[in-house]
Amino acid sequence: MKRLLALLPLVLGVILVQILATYTGKQFYLTQITMAAYYSLLIIGLCVLMGYAGQISLGHAGFFAIGGYLSAALTTRNLVVIKSAGWVRLLDACGFLQGGKDSYGGDLLVVTPWASAIFAVLVAALIAVVIGIPVLKLKGHYLAMATLGFGIIIYRLALASPWLGQADGIAGVPPFVVLPGLVVRGDAADRVQNYYIAWGVLLLGLFLLLNLIQSRVGRALRAIHGSEEAADAMGVDIARFKLQSFVLSAIFAAIAGVLLTHFNGGIGPSEAGVMKSVRFVAIVAVGGMAHLWGALIMGVALNFLSLRGVFGSYDDAVFGLILIVIMLFAPNGILNLLASPKKGKVNPAQSETRQEV
Amino acid sequence: MTAELFVQYLFAGITYGSIYAIVAIGFNIIYNTTGIINFAQGEFVMLGGMIAISLLPLLPLPLAIGVAVAVTMLIGALMEMIFIRWLKNPSVLRMIIITIGISILTREAAIHIWGENIRALPYFVGNEISTISILGARISPQVLWVVGVCGVMVVFLHLFFQATSVGREMRACAANRMAAILCGINPRNMVTLSFVLSAGMGALAGCVMSPITYSQYDMGTGLAIKGFTVAILGGLGNSGGAVAAGLLLGAIEAFSVSVVPLAFKDAISIAILLLILFVRPHGIFGSAEAARLKTF
């Protein structure tokens, strides 16, 4: 209950922003905040992996893209021509398919958004397990390069696969009816509704993660970050906890990918690009590594500014500069810099100075 | 596959392989003196090619390349002095993120200076259609330039590290930093020098490869990850292994084109990287014993 109350100021702030935006007639800001909130969902997941478990990932845009691309591909692929095939009829019988009309009036038979979303997130989780088991044995540069390599493979596959639209990506992704009356789509009429859906999902994610890091799992993760050997000696199953946090962050990334793709009505290969992954790492670093609130606030703020085009053609350069400046002068994030550092206070992020990652 | 086609693919493999080997040796030089993997390694190759292309209207080709290499070396020294020199005991994670940031800034500077256009230096000898015939395969004379220059660089580097006193000082810092300090060597200067060396090598490789592979602002990331693959494959820090592994990866890539679509070429070499990291992180030419002593 106490933790729920801690979210209250944020909830009030969210409502205040919506009221202000509506009152001043600047509702279009809500669209970018909605998108920024979905990116932040990925970022708080990555924050648990990087800040608490201490494992860097330069490939999380890959998991975002797996979620987004799979749900986009499934909900736009027309199965009408093969509707008599056995597996298509089986899917139909299970209620996984929905009919409709395309813009030329032709018949349409596609996978429902719910079924494709669940499938996409499950696939992302499965890939995270398969990749995570060998990758998380690596440390430092090796882990960074391996995850970077994973991200580039996903990017290349998206760019090279005709069924993923190659350089054009996939457009015309249908709206996602989450519940009757709750629709994830980018129409101006649904702005306010989608703003609250995105924040609802993000706050739910934040609440879950805040609970997680206060629990036994969270303490185990911080122990792993501090020293893997010591954690191992204390009986922490380090391989399992590292894998769990990796898979959890991949699931968060995939959910963000699914929802943002439905909101935007499409996805392109740039969402899988290396620069996106680096940007997520930069935001977690700015937020203070082991700081979920910092990651969330910085995630929403920086993504919002970036989506508004404030940085112009220097968008990527700004994030590169942020990375360097933060790592050079404030490796524990700017929020920790503002709050004057108390001596003797042990912050998980401060064990950063160790040689192990 | 006919014998001619085989030789043709082999030469393509050797060309790319020697570039990868040079990037990998660049990684090794910096890794040996600092324990850092410089994620901005590929950017040196891009800078060398781009600067030489920009200088070409003003200077003759050999001079343009020379100045481009010198400027890139200066940039390498500045990178080290501004971002790395004054950090005390930085963690691996911090260094990874800083060098990634440097690579992004370099790339963004490049796109604002040179734009997104693909550029190229002219062929050193002849033009794009002149070929020479070796064992029935027809290859461009530029291929010989690439292989020759890379070979000469590797030999010079070996001599530098073995026979000159500066080279020996650098190796001393790599082997035991404290002992090197006690012998009166300034390890910070050696670190700067390692950045200068690997920047210069990367830039020269970027110039000789430019006529064949072209230069573009974003070529660095791909080269860096392949160079890293090669460095790992050959055993991190082992330059002889890097040459062998570079040629191997180049050949695998070249022959893979005959089996799978071109678009998947990069995915294959990265899949090899992942496989090697999972199975033999100390590389096929490196020793597991030595690897255990390093901080991975």
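Just so it is clear: chains get the letters A, B, ... in the order the sequence lines come, proteins before strands, and each one is counted from 1. What you are looking at is a predicted structure, and each value in this text was computed from that prediction instead of being measured.
Separating the NE2 atom in A:His141 from the CD1 atom in B:Ile96 is a distance of 4.5 Å, to the nearest 0.5 Å. Interatomic distance, B:Leu105 CG to A:Leu323 CG, rounded to the nearest 0.5 Å: 9.0 Å. From B:Met95, atom CE reaches atom CE of A:Met327 across 11.0 Å, with rounding to the nearest 0.5 Å. Note that the CZ atom of B:Arg107 and the CE atom of A:Met275 stand 7.0 Å from one another [nearest 0.5 Å]. Within the model, atoms OH of A:Tyr155 and OG1 of B:Thr221 stand 10.0 Å from one another, a figure rounded to the nearest 0.5 Å.
Of the atoms belonging to A:Ile133, not a single heavy atom falls under 4.5 Å from chain B. Both the backbone and the side chain of A:Val135 come within less than 4.5 Å of a heavy atom of chain B. Looking at B:Ile270, the atoms closer than 4.5 Å to chain A (heavy atoms on both sides) sit in the backbone and in the side chain alike. For a residue to count as touching a neighbouring chain, one of its non-hydrogen atoms must lie under 4.5 Å from one of that chain's; by this rule B:Ile84 does not touch chain A. If you measure heavy-atom distances from B:Leu274 to chain A, the contacts under 4.5 Å come from the side chain alone.
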Using side-chain contact (heavy atoms from CB on, under 4.5 Å), reason through B:Phe228 and A:Leu148 one step at a time and then give a plain yes or no. CA-CA 11 Å; B:Phe228 184 77; A:Leu148 180 66; over 6 Å; no
Show your working on side-chain contact (heavy atoms from CB on, under 4.5 Å) between A:Ile324 and B:Ile97 and close with a plain yes or no. CA-CA 7 Å; A:Ile324 294 185; B:Ile97 295 181; over 6 Å; no
Using the rule given for side-chain contact (heavy atoms from CB on, under 4.5 Å), can you reason through A:Tyr142 versus B:Leu273, listing the C-alpha separation, both sets of side-chain angles and the distance that settles it, and then say yes or no? CA-CA 10 Å; A:Tyr142 289 67; B:Leu273 166 69; over 6 Å; no
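In terms of non-hydrogen atom pairs under 4.5 Å with chain B, the most contact-rich of A:Ser161, A:Ser313, A:Ala144 is A:Ser313. When each of B:Ile98, B:Ile111, B:Ile268 is scored by its heavy-atom pairs under 4.5 Å with chain A, the top score falls to B:Ile98.
Side-chain contact between B:Phe83 and A:Leu328: present, with at least one pair of heavy atoms (C-beta onward) separated by less than 4.5 Å.
With ring centers used as reference points, A:Tyr314 lies under 6.0 Å from B:His112.
Within 6.0 Å of the CZ atom in B:Arg119, the count of heavy atoms belonging to other residues, nucleotides or ligands exceeds 12. In the displayed structure, B:Trp86 atom CH2 is contacted under 6.0 Å by more than 12 heavy atoms of other residues, nucleotides or ligands.
A donor-acceptor pair is defined here as one N or O able to donate and one able to accept, closer than 3.5 Å; no such pair exists between the side chain of A:Arg156 and the backbone of B:Ala267.
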